[in-house]
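So the structure is just underneath, and the comments pick up after that.
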Amino acid sequence: MGHSSLWIFLLSLSLSHQSVTAQAEACRTVVQADIVFLVDQSWSVGQTSFSSVKDFISDIISSFQGSVMGTEGVRFGVTVFADVPRMRIALTDYSSQEEVLRAIRDLPYEGGSRRIGLALQFLVDTVFSAAISRDHAPKIAILITNGRSEDQVGIGAKAVSDNGISLFAVGVRGADESELRMMVSQPHEEHLLLGTDFSLLNTILLKLSRRVCFTASEPPRPVKTAQPVKERVVGPRDLQVSEVAHSSLRLTWTQATSDVTGYRLLVTPLSSRGHLLSLQQRQIDLKADVSTTVVTDLSPKTDYSLTVYAIYPSLIGDSATINVQTTPLPQVSNFRIIEEGLFSLRLGWTPPLGKLDGFKIFIPRSNRPGFTYEHLLPGDSSSHVIDSLEEDKKYIISIYAVYPQGPSEPVSVVGRTLKLVPVKQFLVQNATTDTVQARWASVKGATGYRLTWAASDGHIENINLGDTFNFYMIQGLNPGSEYTITINPIFGDTEGPVTTTTIKTLESSAVQTLKVSAVSTNAAVISWNSVPGATGYRLAWGPTPEFVGRDRPRQLALNASTTNYQLKNVAHDTEYVLTLYVLFGPAVGPGISATFRTSPLGYVSNFKVTSYTSTSIDVEWSPIVGATEYKLTWNTGASSPQSRYLDRSVLFHRIEDLNPQSTYTITICAVYGNSEGPEISLSQLTAAVSDSGPIQAVREVKVVDIGVNSFTVSWRKTSGSSGYRISWIPVQGGEEKSHVVSASSTTFTIKNLRESSAYKIQVSSMVGKREGSPVLVTARTLDLPKVNGFAALNTTDSSTVLNWTRVAGVSGYHLTWRHISVLDTKTEILGPGFSSYKITDLLYGRTYIFTIKPLYGEVEGPISTVYQRILGQDPLEATIRSLPVTATPRITTASISNITITQTTIRTTRHPIAVPPTKSITTKKPSVTEAKQTGITSLRLTTGSAQRSGIHSFIIHSYTDISTALPSLCKFKCGIY
């Protein structure tokens, strides 16, 4: 125990002795010195070792605690290096030791590659630059690194030595000793110190601090200077002129050598023969550090001689001369014709830079001196209109800019006034029963257009349109009538030539025949007759109110060449109503509607067991149209069902690994894409292991006669059978019934079934009390007869007459009707003798749904549906008078009343632009779109259809009624009522 305590005491004494010996000795002999630490900060150093280096530097600086700090004593600096050197602490930054030590503690570590050669050159050029270093203070640098430089160090080391810098190097493990020896000052042994690790730098602290203190106490090392070379005095040379303008230019030269005190520039204009005009010479004196100047106040398009002299303290040195010519006064640029008119030309240009007094535009006479036109414009102008010119004539127009120094050179452009030309590419197309569309190519220079249409009975109307129009829909025409359409351009107060064409409106714009065919569980084909003049069709479809929720309403647009379309992805067993509208450009013609019902998902038929054993059952079935695969499921007792999906081409399957003498329920359904059809099930008892053999299944089971309330089933006799059991049950659930017939029977009629219902029918052989595997078939009883020929005839403005063909055996009819957009339904029960019924109190312009079902006692038959819009002679009349025309394209607040529209031969003019009418006008039937586009303020709102029997109008008593009347008209015209 005593020996151990003694050893610990000796070890502690040794460590404390080492700690004391590691401290730097105080340096008190230094008067002035500049000491810089050059620290490696590359990736190989690391954050921890960099902290050790900062402690090491602080210890060395602390050894100078007794010395004077600052400009009159010792100064310290720190420069770090990696990819590039950075002077973190300059020699001039701090004047106290505490400030330097605090700055060292805050030095960050950044990392990078190691480039010592670049750092040495940085030490000479920047750290010990002439502005920082002191002539009588020793310059000392201490390099600390742990590796070889990644660049050349020879040039940098020589620069350090030549500039009188004493360089110490501390090389830690990894440093290249030979490279460091080449860099440090002589003698190498005194300036190179090597250590094993950054954490052990304290071991060389005492030695390094002593040597740095000794070097800092000595006079500074001498700086090597090159022998002075007598410089040859060379005057300014390489004169160059740039940025030449009409009144200025830039002169550049290479500076003269030796002690230049300034330059003198002589600017002298030259005569047309190249002689100097000395009386106009200017002298410009420039500073010695100038090598370029801008010469201003020059005259346009003038030759100048530019001479530069170098001025020395006691003499004027050599000179250099260059000749140059200024540019003419800038011309107008981009001078062009912006717009041609019948009697005018609009000009545009880009003004030149500089101070301008204005512009002068002129048209010279072609056959004698003088001007046809002359005009002076201010300097900020960039466009001008020349009026009072002749039609269809070519003019040469010139312009020049006017400067304080005089006019620029003129610039010319050739322009031609317009010629009165007719509208070209005038097309009138897309005729409906009451509209046509007019299109035309814009006429250059036209300020508007006059569009006129005349009926064969002499009735004439016209409208004035603005210059932006190249399309107009003429409305309010009569069906099946021929019209003469004319258009002429307007040029201010002058009208151009007329272009004429003819067109005939359609007799009818509705589809006459709409058929639905090829109806399946999820698709149907829609076809219709083509409508002349139609630009397309819009087809809308969705479930009827009884089937809302089964599918969503949809619609699509079709081109004019399409007359059939296949609806896909519709819901199965769902009744749809579809409507087809005819499109005439932006106008929508009347629609025609029809209903259809998709097929229900089909049942698998002829599902039967063909054979079985104690561990397997074989089943087969007949194919079903539309099925993509089959789902077969089986289970016994409380066991969980097992399922297998089979391809649609598979019609047989063997179920294996079953238990003997167990009853299995086997179910099959057809799969239609993502939907499963109704299931059909049968039961089969597997054979006992000791059974002599299974009973043979009945073959060729089929339904040979289907009625409204009955089926007749037939089969082929099975040898050994003592009879047959026939059982049936509704597919949707209900009581199962059965009947056993004798062995001689091959048919059986099942009676008292529900109409329009699907049934599962099973036929199995009987051998004594044993029953063979049943054969399953499915069938559906017939629907009750529906009403045929159901139509709405003799429709007036508030009533319609429904007609149908009587159905034999009915006890009556169930008749309903309602507006298409509401669910409130009215009902009437009629006797069996009815074949027509008149419904009154209907709303004009509305579309109604009428349905009828035959009654068989308490049973209702299938539904028949018809859609009818109530369109007859509207008793309302509108009286309107003409109103003042407005120039803005919007409806004004003028009132509308008290003008009666007649069918006599009149001329009607419409004014969407500010063109005054020549006489009292009557405006007829503009649409809402026209009113918005053309600013029509006098309106007669007229509605109609392809089969209208008269003119139907909305009465507008004041402007406030327009908000009510226009939406109604829009709905009617768009076919959405």
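When a residue number appears, it is its place in the shown sequence, counting from 1.
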Spacing of Trp43 atom CH2 and Tyr109 atom OH [to the nearest 0.5 Å]: 5.5 Å

What is the minimum heavy-atom distance between Thr92 and Ile132, and which atoms define it? CG2-CG2, 4.2 Å

Has the side chain of Gln405 got a donor or acceptor atom that lies under 3.5 Å from a matching backbone atom of Leu329? no

For residues Lys360 and Leu377, determine if any side-chain heavy atom of one lies less than 4.5 Å from a side-chain heavy atom of the other. no

Are any of the side-chain heavy atoms of Val332 and Thr350 separated by less than 4.5 Å? no

Report yes or no: does Ser247 contribute a side-chain atom to a donor-acceptor pair with the main-chain N or O of Leu298 at less than 3.5 Å? no

To the nearest 0.5 Å, atom CZ of Arg211 lies from atom CD1 of Ile204 at 9.5 Å

Evaluate whether atom CD of Gln65 has more than 12 neighbouring non-hydrogen atoms of other residues, nucleotides or ligands under 6.0 angstrom away. no

Between Tyr304 and Ser299, what is the shortest heavy-atom contact and its length? OH-N, 2.9 Å

Could you note down all residue pairs passing disulfide (SG to SG under 2.5 Å) where residues 107-180 supplies at least one of them, sequence neighbours left out? none

Crowded around Arg28 CZ? As in, over 12 foreign heavy atoms under 6.0 Å? no

Minimum heavy-atom separation for Val413 to Phe335, with atom names? CG1-CE2, 3.4 Å

Take Arg115 and Ser149, measure what side-chain hydrogen bond (donor to acceptor under 3.5 Å, both in side chains) needs, and give me the verdict at the end. CA-CA 5 Å; Arg115 307 183 75 178; Ser149 176; over 6 Å; no

Mark yes or no for whether Thr302, through its side chain, and Pro300, through its backbone, hold a donor-acceptor pair below 3.5 Å. yes

Check against side chain to side chain contact (heavy atoms under 4.5 Å, CB included), Thr268 and Thr307: CA-CA 9 Å; Thr268 310; Thr307 302; over 6 Å; no

Any pair with a residue in residues 33-42 that passes side-chain hydrogen bond (donor to acceptor under 3.5 Å, both in side chains), sequence neighbours left out, goes on the list, sorted by first then second residue, please. Asp34-Arg75, Asp34-Arg134, Asp40-Ser42, Asp40-Arg114, Asp40-Thr145, Ser42-Ser44, Ser42-Arg114

Begin with the C-alpha distance, continue with both residues' side-chain angles, and end with the deciding distance and a verdict on side-chain hydrogen bond (donor to acceptor under 3.5 Å, both in side chains) for Ser242 and Arg250. CA-CA 5 Å; Ser242 61; Arg250 177 176 290 278; 5.0 Å; no

Would Ile89 and Phe76 count as a side chain to side chain contact (heavy atoms under 4.5 Å, CB included) if you check the C-alpha gap in whole Å, the side-chain angles of each, and the deciding distance to 0.1 Å? CA-CA 8 Å; Ile89 301 175; Phe76 292 97; over 6 Å; no

Does the side chain of Leu347 reach to within under 4.5 Å of the side chain of Arg336, using non-hydrogen atoms? no

Can any side-chain N or O of Ser248 pair as donor or acceptor with the backbone N or O of Val244 at less than 3.5 Å? no

Could you tell me whether Glu98 and Arg102 have a side-chain N and a carboxylate O separated by less than 4.0 Å? no

Can you tell me how far apart NE2 (His191) and CG (Leu193) are? Round to the nearest 0.5 Å. 10.0 Å

Within a strict 4.5 Å, meaning less than it, do heavy atoms of the Leu208 and Phe56 side chains meet? yes

Once rounded to the nearest 0.5 Å, what's the spacing between atom CZ of Arg221 and atom OG1 of Thr215? 7.5 Å

Under the criterion side chain to side chain contact (heavy atoms under 4.5 Å, CB included), I'd like the reasoning laid out for Leu180 against Leu143: C-alpha separation, chi angles, the key distance, then a yes or no. CA-CA 9 Å; Leu180 295 177; Leu143 170 67; 4.0 Å; yes

Inter-residue atom distance Glu374.CD - Phe362.CZ, 0.5 Å rounding: 8.0 Å

Quick check for you: to the nearest 0.5 Å, what is the distance between Ser161 atom OG and Met183 atom CE? 13.0 Å

Whether the side chain of Asn163 engages the backbone of Val160 through a donor-acceptor N/O pair (distance < 3.5 Å, no angle test) should be reported. no

Would you say the side-chain atoms of Lys54 pair up with the backbone N or O of Leu107, donor to acceptor, closer than 3.5 Å? yes

I'd like to check Leu306 versus Trp253 (side-chain heavy atoms, cut-off strictly below 4.5 Å). Are they in contact? no

Does the Thr29 side chain pair with the main chain of Ser217, one donor and one acceptor, at a distance under 3.5 Å? no

May I ask you to check whether over 12 heavy atoms, not counting those of Leu200, lie within 6.0 Å of atom CG? yes

Inspect the surroundings of CD in Gln240 and state if more than 12 heavy atoms from other residues, nucleotides or ligands are less than 6.0 Å away. no

Closest heavy-atom pair and its distance - Pro85, Thr79: CB-CG2, 4.5 Å

Spell out, as yes or no, whether a donor-acceptor pair under 3.5 Å connects the side chain of Ser63 to the backbone of Ile60. yes

Please assess Val36 against Leu123 for the test side chain to side chain contact (heavy atoms under 4.5 Å, CB included), listing each intermediate value before the final yes or no. CA-CA 9 Å; Val36 174; Leu123 190 69; 4.0 Å; yes

Step through the shown structure and confirm whether more than 12 heavy atoms of other residues, nucleotides or ligands are within 6.0 Å of OH on Tyr309. no

Tell me, yes or no, whether the heavy-atom count around Asp259 atom CG, taken from other residues, nucleotides or ligands under 6.0 Å, exceeds 12. no

Identify the two heavy atoms, one from Ser95 and one from Glu99, that lie closest to each other, and give their separation to 0.1 Å. N-OE1, 3.4 Å

Hey, is CZ on Arg173 packed in by over 12 heavy atoms from elsewhere, all under 6.0 Å? no

Could you tell me whether the side chains of Ser278 and Gln281 share a donor-acceptor contact shorter than 3.5 Å? no

Write down the atom of Tyr312, the atom of Ala256, and the distance for their closest heavy-atom approach. OH-CB, 3.8 Å

Regarding Arg237 and Thr254, is there a side-chain donor-to-acceptor distance under 3.5 Å anywhere? no

By side chain to side chain donor-acceptor pair (under 3.5 Å), which residues pair with Gln32, not counting sequence neighbours? none

Ile363 and Ile386, any side-chain heavy atoms less than 4.5 Å apart: yes

Got a sec, which pairs hit salt bridge (Lys or Arg N to Asp or Glu O under 4.0 Å) with one end in residues 267-288, sequence neighbours left out? Arg264-Asp285

Decide yes or no for Glu340 and Lys444: does some side-chain heavy atom of the first lie under 4.5 Å from some side-chain heavy atom of the second? yes

Does some side-chain heavy atom of Thr48 sit less than 4.5 Å from a side-chain heavy atom of Phe198? no

Quick one: sort the Tyr403 and His246 rings into parallel, tilted or perpendicular, breaks at 30° and 60°. tilted

Can you tell me which residue pairs pass the salt bridge (Lys or Arg N to Asp or Glu O under 4.0 Å) test with a partner in residues 77-91, sequence neighbours excluded? Arg86-Glu110, Arg88-Glu110

Output all residues satisfying ring pair (Phe, Tyr, Trp, His ring centres under 6.0 Å) with His188, sequence neighbours left out; order by chain, then residue number. none

Taking everything shown except Ile338 itself, do over 12 heavy atoms lie less than 6.0 Å from its CD1? yes

Per side chain to side chain contact (heavy atoms under 4.5 Å, CB included), Tyr263 is matched among Val260, Leu265, Thr261 by Val260

